[in-house]
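What follows is a short report on a single structure.
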Amino acid sequence: MEEIEKKSELPWVEKYRPKSIKEMAKPVAKINRQKVDLIDELIKFIKNFKKESKEKAVLLEGPPGIGKTSVIYAIANDLNMQVIETNASDTRTQKSLKRKLDEASKARDMMDFIFKSKNKIILIDEIDGIYGVSDKGAIPTVLEIMINSEFPIVMIANEYKRSLNPIYKKVRKFEVQPLSEEAVIKILEKILKRENINDFKPKDLISIAQKNNGDLRASINDLQGLMQGGRSAESLKNLDDLQRDTSEVIFSLIRSLFTEVKTLIDAKRLLDKSDVDYDLLYRWVNENLPKYINLNNELVDAFENISTADQIFGRIRKYQNWALLPYFFDLFGGGVSLSKKRSYTPKFVKTTFPEIISSRIGRDKLSLAKKVEDVYEISSIEATRTVIPFLKLLSSKSIKIKKEISDWLQLDSKEKQVLKK
Amino acid sequence: MTINSPVWSVKYRPKTLSEICGKEQIKFQLKEYISKKNFPHLLLTGYHGVGKTTIAKCFAKEFLGGSYKSNLKTLFADVPISKEERKQAGIRSTFSTGMIGSRAGKKRYIHPFLDIKVKPFVQIKAIGEIPFKILIVKNFETLGQFQQGFRRLMETYGSNCRIILITSKISAIIDPIISRCQILFIPPVEYKNFSDFIEIVLKKEKIKINEPALRVLYRYSEGRLNKAIDILQLTAMISTNINSEVLFEVINSDRDKKIKELLRPILKGDFSAVRTQLRKIRREFNYSAQEIYKQLLDEIIKFPLSKSIKIQYINYIAEADFRSIDGQDDDIQLSNLISKMCLLSEKF
């Protein structure tokens, strides 16, 4: 009884984590664009594993929340094996990684002999989290462990990383596909049934599934948030919030940042509440700042803060020092909004998307630049900076010269369009 | 491809050393090299657009004669290295055996520019009856610290390949390179040579220009013939009888003035106008933030303002440039800069 009570406190994601592969939504994976049965292959790999076998490790790659980790735990449970997990995100350095994995992969400790204990699976989760200066040596360590391991190794990554190339070369890579909407809905329905909740609208489930794009974990979290939020009219409003386009969330966030925030703590709370990517958010602030602050001296203060925030963010990325993140938040949130003192804000301000300006040559210009490059014998940079603007100007003067230019450079219709712009 | 070009600056581009207008002393020296069939590594320096590359190319082609196609290569040090080339560099990297300590046994990467673009060319023997190949490297100063690697190449393969380096910023070239090169300063063209050359173009294209307008053209183009001819052609589209008024009309729409035009709203203190205009310029010409800083600096120095204000502006630009090193978003740093500039203009 106690156990059940305890269980009800668990988040649903943990509570309904599959214990066996029979309970799972079967993930589909691809190897070199060929569809394979992921569970079958994994079981084969783990069962046939011997110390002498050539294949020591496999890699699962796919978006978050689709059951990559769960499938390993479920298989381990079914085969009565133990999972030794390391998150590359917490044990990052070479030393700690090695210690943890070495212990697991080589030394069978005393207890193992006594209890004739379970076989082990080594799970290196979030292996794409290995990077940066401080992680130097982590990848060779993983490779080394792979060679000497007595146990099968499963690595999990979210995305392709070039720094992991040495690992890719050595292992089979399964690209795990996101779950279909139907599969997600089926599981959500199952959970609701087991929670004894009957008064839900099928439409809600569909919209939750749609919102999360096959991310089952996020879908279950959303479901729990919705269902345990009282299941009243209010919760429906919550769902509206879920469905709402992220850009709308940002619109209102930016607006309240400049109009409602009175103290630093206000700003902090506001930013904490939102689940918008901060990386994007501060660009939104930069874009819309001049609309809310129109006195030059206040503008300078605001930009000074956001520019320092930008600098700090750069350093965070460069040195992987995420401890600096609070400064970043306070500067671009509170620092910017509190720079506004006497500026008058009109009742209605249109919030706009941040403009991304790149100094790279756009794809549309590339083929034209190539032709100019060849004829003028100059670099592509020079071509876009000096020659193409001139050609544009020249060809705008008369139709005759435009035709001459396009004949001379043998332009196709797309490249002609670029000249027209 | 060039003779029948509708673009005059290409059509009238000199093809031999003798066709180059002015610069008699340099031409004389280079012809001397050709007759002796030998020359040291060269470093051509001079302002942007005065014709350094044209001279280098004409010289190299004449020097190599008929076999220039396989023995001459032009490289751009500032062009980013593509993904495939980077990959190649990764493959070609070697395990170091000579090093001791923490670097022993580590993979050693050679800068991809040197490894992929320069080395394959300089290593292969010259083809035909010429003493050596010629390699032209433009914008050499952008290589920065990797100039050091170039020094070794110049020594090792010097007898097989002569190198002509081209730069507009000689101060950014490291001393060891300078000491290995013959330095040639290419001056801007003089007015007399300039007017002679323009005269030829005018005759062939059947247009006329009056004396004051020609002076304006010379002053505005700062002795850069390419630029002058471009403007001349644009003006000729409006009228075949060019006077100063028509010329000014064209000059005002010129690209180089775009950054200068930013100064007016800056001095007015109109932040939004500056930002809109700046973004438009960046989008059109793919300027990086660093180039904007550089051009703003140039314009501010030229602009008639009091000294102390100029210094203050320069201070702001330097600070913004420095911050851009760490920063992730150039637009933020640029906005910070112009907001400061706008505030200062409000004060005086």
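Convention: sequence-line order gives letters A, B, ...; per-chain numbering from 1.
For the side-chain hydrogen bond (donor to acceptor under 3.5 Å, both in side chains) test, residues two or more places apart in sequence or in another chain that qualify with A:Lys371 are A:Glu415.
Distance check, rounded to the nearest 0.5 Å: CG of B:Asn139 to CD of A:Glu382 gives 6.5 Å. Note that NZ of A:Lys400 and CE of B:Met237 are 7.5 Å apart. Values are rounded to the nearest 0.5 Å. Remark: B:Ser9 OG to A:Tyr376 OH distance equals 4.5 Å, nearest 0.5 Å. The line from CD of A:Glu377 to OG1 of B:Thr54 is 10.0 Å long, rounded to the nearest 0.5 Å. Once rounded to the nearest 0.5 Å, the distance linking CD1 of A:Ile293 with CZ of B:Phe271 reads 10.0 Å. Between the OG atom of A:Ser307 and the CG atom of B:Asp329 there is a distance of 11.0 Å, given to the nearest 0.5 Å.
When heavy atoms are compared at a cutoff of 4.5 Å, A:Ile401 approaches chain B solely by way of its side chain, counted from C-beta outward. Residue B:Ser335 touches chain A through both its backbone and its side chain, counting heavy-atom pairs closer than 4.5 Å. Proximity to chain B (any heavy atom under 4.5 Å) is shown, for A:Ile388, by neither the backbone nor the side chain.
By the neighbour-count criterion of 12 heavy atoms within 6.0 Å, atom NZ of B:Lys206 is sparsely surrounded, having that number or fewer from other residues, nucleotides or ligands.
Taking chain A as the reference chain and counting heavy-atom pairs below 4.5 Å, the highest number among B:Arg275, B:Gln233, B:Lys57 is found for B:Arg275. The greatest number of non-hydrogen atom pairs below 4.5 Å with chain B, out of A:Ile378, A:Ile312, A:Asn294, A:Leu295, is found for A:Ile378.
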*asked:* Evaluate B:Leu234 against A:Phe390 for side chain to side chain contact (heavy atoms under 4.5 Å, CB included), listing each step before the verdict.
replied: CA-CA 9 Å; B:Leu234 284 177; A:Phe390 171 72; 3.8 Å; yes
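Within residues 338-347 of chain B, the residues having any heavy atom less than 4.5 Å from a heavy atom of chain A are, in residue-number order, B:Ser339, B:Lys340, B:Cys342, B:Leu343, B:Glu346.
Taking the side chain as every heavy atom from C-beta outward, B:Gln328 and A:Arg283 approach each other to under 4.5 Å.
A:Asp310 places no side-chain N or O within 3.5 Å of a backbone atom of B:Gly327 that could act as its donor or acceptor partner.
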